[in-house]
Amino acid sequence: MGHLDHATFGWLTPVLSYAMACIGAALGLRCTVRALGATGRSRRNWLLTAASAIGTGIWTMHFVAMLGFGVSGTDIRYDVPLTVLSLLVAMVVVCAGVFAVGYGRDRTRALLLGGLTTGLGVASMHYLGMAAVRLHGDITYDPVRVGLSVLIAVVAATAALWAALHTTSPVAVTVASLVMGAAVSSMHYTGMFAVSVRVTPSGTALPGATAMQFIFPLAVGLGSYLFLTSAFVALSPTSGEREASASAQGHDERGTQPGERSGTGGRPARTA
């Protein structure tokens with residue numbers, strides 16, 4: 001059996017992966033709150049942004065944590081197509097859950113269905129990402145811990161969608177995102193503690209890319225996307241702010257007479 005190390009860089013990867021999960025959750029919740037206050041195309045766009053943020057945050061959390069994963073006696077490589085597929089799965093399933101909540105008429109039913117769909121999708125993303133691991137040996141899983149990780153994923157996803165429906169203030173969103181980050185990280189490490197590896201020493205080259213060759217640059221790119229999107233959401237006005245601005249502008253236009261706008265105080269201009 002190979003010795004598994006889930007933190008080869010110490011606390012760096014667990015803390016950084018938790019931070020990425022929190023950022024993705026916070027951004028997704030804020031976008032969902034904006035979506036529920038919008039209509040038409042604007043609602044759709046906010047929901048798409050929310051889904052991409054949550055999906056990106058979850059995927060980035062997983063693979064930043066995987067940067068610290070090592071097995072004694074073997075190198076580790078990643079199958080690039082499977083790794084990219086795991087990212088697409090995360091995006092699609094989170095999108096399905098967010099849209100179920102954003103457009104569902106029966107909020108309770110939509111919440112349960114969206115939470116189940118999203119949770120199973122997050123778990124699928126995790127184990128699809130693990131299927132992309134290439135090493136000299138065989139990977140096996142403890143079915144009880146796998147089941148527990150899936151349950152945590154479903155509960156975490158349902159809680160995230162519930163928070164999207166019931167949290168509006170920045171403080172509430174911050175607290176919810178911290179809890180969600182902890183839940184997603186717990187799901188990941190529960191799934192990782194279900195892993196056992198039987199190493200088969202070999203001198204043959206492993207297929208795929210190393211974590212630093214592929215995972216690290218992609219994680220940096222997706223992390224940059226989260227930070228830039230967070231700045232955009234923070235700077236864009238809310239629906240309430242836009243309505244207040246439009247109301248104030250309309251009031252100013254109604255309260256200004258034509259003569260006042262010409263700077264003559266409403267009196268005919270004097271001629272020399």
Side-chain angles (χ1 to χ4, degrees), residues 17 20-25 27-29 31-32 44 47-67 69 76-103 110-134 139 141 143 145-161 164 180-181 183-192 194-195 207-209 211 214-223 225-226 229:
S17 63
M20 298 309 298
C22 291
I23 292 170
L27 179 56
L29 291 177
C31 290
T32 306
R44 182 202 63 191
L47 289 175
L48 287 173
T49 306
S52 66
I54 297 173
T56 298
I58 293 171
W59 188 93
T60 306
M61 178 272 142
H62 170 79
F63 280 101
V64 166
M66 290 301 291
L67 291 174
F69 177 67
I76 296 177
R77 299 288 187 273
Y78 292 89
D79 182 280
V80 173
L82 271 180
T83 304
V84 174
L85 179 60
S86 69
L87 173 60
L88 296 178
V89 167
M91 295 286 193
V92 171
V93 297
V94 171
C95 187
V98 168
F99 270 75
V101 170
Y103 286 101
L111 178 63
L112 295 176
L113 180 61
L116 178 63
T117 302
T118 304
L120 292 177
V122 169
S124 299
M125 179 278 300
H126 174 87
Y127 289 105
L128 188 59
M130 288 302 299
V133 174
R134 299 289 180 263
I139 298 176
Y141 296 90
R145 291 180 180 177
V146 169
L148 180 58
S149 70
V150 174
L151 178 62
I152 293 174
V154 172
V155 172
T158 305
L161 295 176
M180 282 310 307
V184 172
S185 297
S186 298
M187 178 269 161
H188 170 84
Y189 284 105
T190 300
M192 293 307 297
V195 173
F214 175 64
I215 303 299
F216 180 73
L218 187 56
V220 169
L222 293 174
Y225 163 76
L226 287 177
T229 308

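Quick caveat, the model's predicted, so the values are computed rather than measured.
Nearest heavy atom pair, residue Met180 against residue Ala156, reads CE-O, 2.9 Å. The shortest heavy-atom contact between Trp59 and Thr83 is NE1-O, 3.5 Å. Considering all non-hydrogen atoms of both residues, Ile152 and Ala183 come closest at CG2-O, 3.6 Å. Closest approach of Ala50 and Gly28 over heavy atoms only: CB-O, 3.4 Å. Nearest heavy atoms, Ala51 versus Val94: O-CG1, 3.7 Å. Nearest heavy-atom pair, Ala100 versus Ala110, reported as atom, atom and distance to 0.1 Å: O-CB, 3.2 Å.
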Exercise for the section: With side chain to side chain contact (heavy atoms under 4.5 Å, CB included) as the test, would you mind laying out the steps for Val184 and Val122 before giving the verdict? Expected result: CA-CA 9 Å; Val184 172; Val122 169; 5.6 Å; no
Exercise for the section: Would you sort out whether Ser52 and Tyr225 count as a side chain to side chain donor-acceptor pair (under 3.5 Å), showing the intermediate values? Expected result: CA-CA 10 Å; Ser52 66; Tyr225 163 76; 2.6 Å; yes
Handout entry: Audit row: Val195, Met130, side chain to side chain contact (heavy atoms under 4.5 Å, CB included) steps and yes/no
Key = CA-CA 10 Å; Val195 173; Met130 288 302 299; 4.1 Å; yes
Practice task
Determine, stepwise, if the pair Val133 / Met66 fulfils side chain to side chain contact (heavy atoms under 4.5 Å, CB included).
Solution key: CA-CA 10 Å; Val133 174; Met66 290 301 291; 4.1 Å; yes
Exercise for the section: Using the side chain to side chain contact (heavy atoms under 4.5 Å, CB included) rule, take Ser17 and His62 through it: C-alpha gap first, then chi angles, then the decisive distance, then the call. Expected result: CA-CA 7 Å; Ser17 63; His62 170 79; over 6 Å; no
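Annotation: side-chain hydrogen bond (donor to acceptor under 3.5 Å, both in side chains) contacts of Thr32 (sequence neighbours excluded): none. For Ala123, the side chain to side chain contact (heavy atoms under 4.5 Å, CB included) criterion is met by Val150, Ala153, Met187, not counting sequence neighbours. Under the ring-ring contact (aromatic ring centres under 6.0 Å, His included) criterion, Tyr78 pairs with no residue at all, not counting sequence neighbours. Tyr141 meets the ring-ring contact (aromatic ring centres under 6.0 Å, His included) test with Tyr127; sequence neighbours excluded. Every residue two or more places apart in sequence or in another chain that forms a salt bridge (Lys or Arg N to Asp or Glu O under 4.0 Å) with Arg145 is listed here: Asp142. Not counting sequence neighbours, the partners of Val220 by the side chain to side chain contact (heavy atoms under 4.5 Å, CB included) test are Phe216, Ser224. For the ring-ring contact (aromatic ring centres under 6.0 Å, His included) test, no residue two or more places apart in sequence or in another chain qualifies with Phe214. Scored by the salt bridge (Lys or Arg N to Asp or Glu O under 4.0 Å) test, Arg134 finds Asp79 as partners (sequence neighbours excluded). The side chain to side chain contact (heavy atoms under 4.5 Å, CB included) search around Val93 returns Val89, not counting sequence neighbours. The ring-ring contact (aromatic ring centres under 6.0 Å, His included) test applied to Tyr103 returns Phe99, not counting sequence neighbours. For Thr60, the side chain to side chain contact (heavy atoms under 4.5 Å, CB included) test picks out Met20, Thr56, Val64, Ala219, Leu222, with sequence neighbours left out.
Taking OG from Ser185 and CE from Met61, the interatomic distance works out to 4.0 Å, rounded to the nearest 0.5 Å. Here the CE-CZ distance, from Met125 to Phe63, works out to 7.5 Å after rounding to the nearest 0.5 Å. Leu151 contributes atom CG, which lies 10.0 Å from atom OG1 of Thr190 (distance to the nearest 0.5 angstrom). The CG atom of Leu47 lies 8.0 Å from the SG atom of Cys95; values are rounded to the nearest 0.5 Å. The CG atom of Leu67 sits 7.5 Å away from the CD1 atom of Ile215 when rounded to the nearest 0.5 Å.
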Contacts table for residues 113-120: side-chain donor-acceptor under 3.5 angstrom, sequence neighbours left out:
unit_1 : atom_1 : unit_2 : atom_2 : d
Thr117 : OG1    : Leu113 : O      : 2.9
Thr118 : OG1    : Gly114 : O      : 2.7

